[in-house]
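Heads up, the thing below is written out as structure tokens.
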Amino acid sequence: QVQLVESGGGSVQAGGSLTLSCAAPVFTFRSNCMGWFRQAPGKEREGVATIHTSSRVSVYADSVKGRFTISQDSAKNTIHLQMNSLTPEDTATYYCAAVRKSGSLCYGFKTNGAVTTWGQGTLVTVSS
């Protein structure tokens with residue numbers, strides 16, 4: 001079974017920063033886009049950011065643009081999510097995901113069947 005291994009969650013005060021990481025098996029990393037989704041208590045899971053591991057094109061949810069940065073370390077088959085200027089509204093469980101490619105782009109966050117594999121999730125708590 002494919003495993004995505006996440007790390008880096010935790011608690012931070014509003015305005016602070018955290019970096020999440022996700023390591024994937026080499027085949028999964030190279031054949032898929034990689035991305036982050038999140039789910040806050042009582043809310044639906046939503047897309048945060050994706051990166052095409054070949055073209056390196058990245059896409060962000062409007063709510064995180066300018067604050068979050070997704071990046072990849074191809075040598076380690078790992079992606080990172082640098083989260084700055086965190087607010088309590090960013091509190092959620094963050095899930096790493098392998099997302100289907102569509103040419104040089106990634107499937108959209110809400111596209112049925114976009115995600116092929118989920119990580120186990122890592123909790124991010126932002127206090128005011």
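For residues 30-77, the set of pairs meeting the ring-ring contact (aromatic ring centres under 6.0 Å, His included) definition, not counting sequence neighbours, comprises Phe37-Phe109, Phe37-Trp118.
Residues passing the ring-ring contact (aromatic ring centres under 6.0 Å, His included) test with Tyr94, sequence neighbours excluded: none.
Nearest heavy atoms, Val48 versus Val64: O-CG2, 3.6 Å. Closest heavy-atom contact between Gly121 and Thr93: CA-CG2, 3.8 Å. The shortest non-hydrogen separation linking Val115 to Thr117 is CG1-O, 3.4 Å. Smallest separation of non-hydrogen atoms from Asp90 and Ser85: OD2-O, 4.3 Å. Residues Ala92 and Arg38 approach most closely at CB-CB, 3.9 Å, considering heavy atoms. Of all heavy-atom pairs between Gly47 and Ala61, the closest is O-CB, 3.4 Å.
A donor-acceptor contact shorter than 3.5 Å is absent between the side chain of Asn32 and the backbone of Met34. Listed for the Thr19 side chain is no donor-acceptor partner under 3.5 Å among the backbone atoms of Gln82.
You'll find the side chain of Thr87 reaches within 4.5 Å of the side chain of Arg67, heavy atoms only. For the pair Ser71 and Leu81, the minimum side-chain heavy-atom distance is 4.5 Å or more. Looking at Leu20 and Glu6, their side chains never come closer than 4.5 Å, going by heavy atoms from C-beta outward.
Under the side-chain contact (heavy atoms from CB on, under 4.5 Å) rule, Ile79 has a single partner from Ser21, Ser74, Cys22, which is Cys22.
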Would you tabulate the side-chain donor-acceptor contacts of residues 95-108 under 3.5 Å, counting partners in other chains and residues two or more places apart, or write 'none'?
from, atom 1, to, atom 2, distance (Å)
Arg100, NE, Gly113, O, 2.7
Lys101, NZ, Arg30, O, 2.9
Lys101, NZ, Thr53, OG1, 3.3
Lys101, NZ, Ser54, OG, 3.0

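Summarising the geometry, atom NZ belonging to Lys43 is positioned 7.5 Å from atom CD belonging to Glu89; distances are rounded to the nearest 0.5 Å. Atom CG of residue Leu18 and atom OG of residue Ser11 lie 8.5 Å apart, to the nearest 0.5 angstrom. For the atom pair CG (Asn77) and CG (Leu4), the distance works out to 11.0 Å, reported to the nearest 0.5 Å.
Using a 3.5 Å distance cut-off with no hydrogens or angles, the side chains of Ser127 and Gln13 do not pair a donor with an acceptor.
The environment of Gln39 atom CD is dense: over 12 non-hydrogen atoms of other residues, nucleotides or ligands sit within 6.0 angstrom.
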